[in-house]
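Accompanying notes for the structure given below.
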Amino acid sequence: MSFGFAPTRADLDRLLAARAALGDRDAAGDGATADSDAPAGGATGPVAVVMTMGALHEGHASLVRAARARVGAHGFVVVTVFVNPLQFGAGEDLDRYPRTLDADLKTAQEAGADAVFAPSVDEVYPGGSPQVTIAAGPLGERLEGVSRPGHFDGMLTVVAKLLHLSRADVAFFGQKDAQQLALVRRMVRDLNFPVEIVGVPTTREDDGLALSSRNRYLSAPERRTALALSRALFAARDRLGAQHALRARAASAPAVASRRAAALSALGESRLAADVHAVAASREPVGPCGADAVREAARAVLAEAAGANPPLRLEYLALVDPGDFTEVPDGYTGDAILAVAARVGGTRLIDNIPLTFGASQ
């Protein structure tokens, strides 16, 4: 079927029904009729949804392409465009959040979507704000939840509604919003939603800045300062990689390395002796590669950016367990997320990077 635009739930229902009817016709011949109650994941394959607040960019397009690749030519990909007032707090940018529906329709279609569902606030919340909402719980009170109280309750409420309205079998979310992704996965698991949640890696611009609809707010000097977020994350990743490389090198060093170092030192080859001695010494069981060193590498970059013009104003830097977003200790082994949030001028930006500590690296 051709690309469709659905500004109301009834429009989306008609698109889904028409799509189900096409599948029935393919399976049973020309005698099939459209049925609005036909299962969305029927004869033509599953329904995938990509939820956005509009102002679509390459990051959103990558989600749509991932959805299309997953469901195939016989699946159905819905992109939702809805600026959700429930997840904006007092003083946030709800009124000035970019709204570019015509461009969004083009981007979604070119990326492989079958339909865009772009309802009004009244369509999503008939009668005003809902009296029953979804609470994010303890996970929603950390990091972004501290900076934006109530944000995740509003986000989960609209995600739940859009999952139902789209009749999705699978939903795609960007890993750039790592805490959001973790909460959606938790909601789906805890409340037994029959939906698979797929995370898609962060898309970055050529200079490393994570793609965001809010990037357009940045002036040229502000953008230069904002690059410190990704530089800090990459510095932390590089520090961790260096730690693992040193340990791998140490593990392969011969047991006689310390004796060889002493002999070289006696010959005056002090620089090489010191290097060999450091490798030999690092073979001692001093524990996993340190999370504190990784945090410090990122903090150094952010501290420098705090003195830039304009300055970067750090809200948080956190190295957390991806399951509950609590800080990991220095001896931690396993997967982690290094997350950062900061303001540059009047724009608030977030970014993160996944890291693995220990033997699973």
Side-chain angles (χ1 to χ4, degrees), residues 139-149 151 174-182 201-202 204-205 207-212 214-215 217-219 221-247 278 282 286-358 360-361:
L139 174 55
E141 296 170 357
R142 300 175 184 131
L143 300 189
E144 286 296 290
V146 174
S147 299
R148 306 179 68 188
H151 165 73
Q175 291 178 357
K176 174 181 170 290
D177 297 295
Q179 194 172 2
Q180 170 181 281
L181 174 58
T202 300
R204 298 186 179 276
E205 301 194 43
D207 57 10
L209 189 67
L211 277 171
S212 169
R214 291 184 169 93
N215 289 354
Y217 298 157
L218 298 169
S219 67
E222 288 171 346
R223 185 184 176 90
R224 287 194 293 270
T225 296
L227 292 176
L229 272 71
S230 57
R231 285 203 311 269
L233 298 178
F234 298 157
R237 179 193 61 194
D238 292 346
R239 174 69 64 86
L240 179 60
Q243 289 182 0
H244 281 289
L246 178 60
R247 290 186 176 275
S282 69
V286 295
C289 297
D292 285 349
V294 169
R295 276 185 277 249
E296 183 55 38
R299 286 195 189 105
V301 176
L302 296 169
E304 181 179 359
N309 183 21
L312 180 142
R313 303 190 303 279
L314 182 66
E315 287 194 3
Y316 65 75
L317 173 73
L319 183 61
V320 299
D321 184 318
D324 59 11
F325 274 67
T326 57
E327 286 277 353
V328 302
D330 192 37
Y332 179 80
T333 299
D335 292 334
I337 292 173
L338 182 62
V340 62
R343 290 185 181 273
V344 181
T347 304
R348 186 176 187 275
L349 300 170
I350 63 172
D351 202 351
N352 70 84
I353 193 170
L355 300 172
T356 301
F357 291 80
S360 59
Q361 174 72 18

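- Using a cut-off of 4.0 Å between Lys/Arg side-chain N and Asp/Glu carboxylate O, E315 and R148 are scored as not salt-bridged.
- Checked by atom type and distance alone, the side chain of Q179 pairs as donor or acceptor with a backbone atom of L139 at under 3.5 Å.
- No side-chain donor-acceptor contact under 3.5 Å links S147 to the backbone of E144.
- Q243 contributes no side-chain N or O that, together with a main-chain N or O of V294, makes up a donor-acceptor pair within less than 3.5 Å.
- Using a 4.5 Å heavy-atom cutoff, the side chains of I350 and L143 are not in contact.
- In this structure, R142 contributes its side chain and D324 its backbone to a donor-acceptor pair below 3.5 Å.
- Of the possible polar contacts, none joining the D335 side chain to the P354 backbone as a donor-acceptor pair under 3.5 Å is found.
- In plain terms, the two heavy atoms of V344 and P310 that are nearest each other are CG1-CG, 4.4 Å.
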| task | Evaluate the criterion salt bridge (Lys or Arg N to Asp or Glu O under 4.0 Å) for residue pair R231 and E304; output intermediate values, then yes/no. | result | CA-CA 11 Å; R231 285 203 311 269; E304 181 179 359; 5.9 Å; no
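- A donor-acceptor pair is defined here as one N or O able to donate and one able to accept, closer than 3.5 Å; such a pair exists between the side chain of R313 and the backbone of G345.
- Within the 3.5 Å criterion, the main-chain N or O of D292 finds a donor-acceptor partner in the side chain of D330.
- Between L349 and T347 the shortest side-chain heavy-atom distance falls below 4.5 Å.
- Counting only heavy atoms from C-beta outward, the side chains of H244 and T356 never approach each other to under 4.5 Å.
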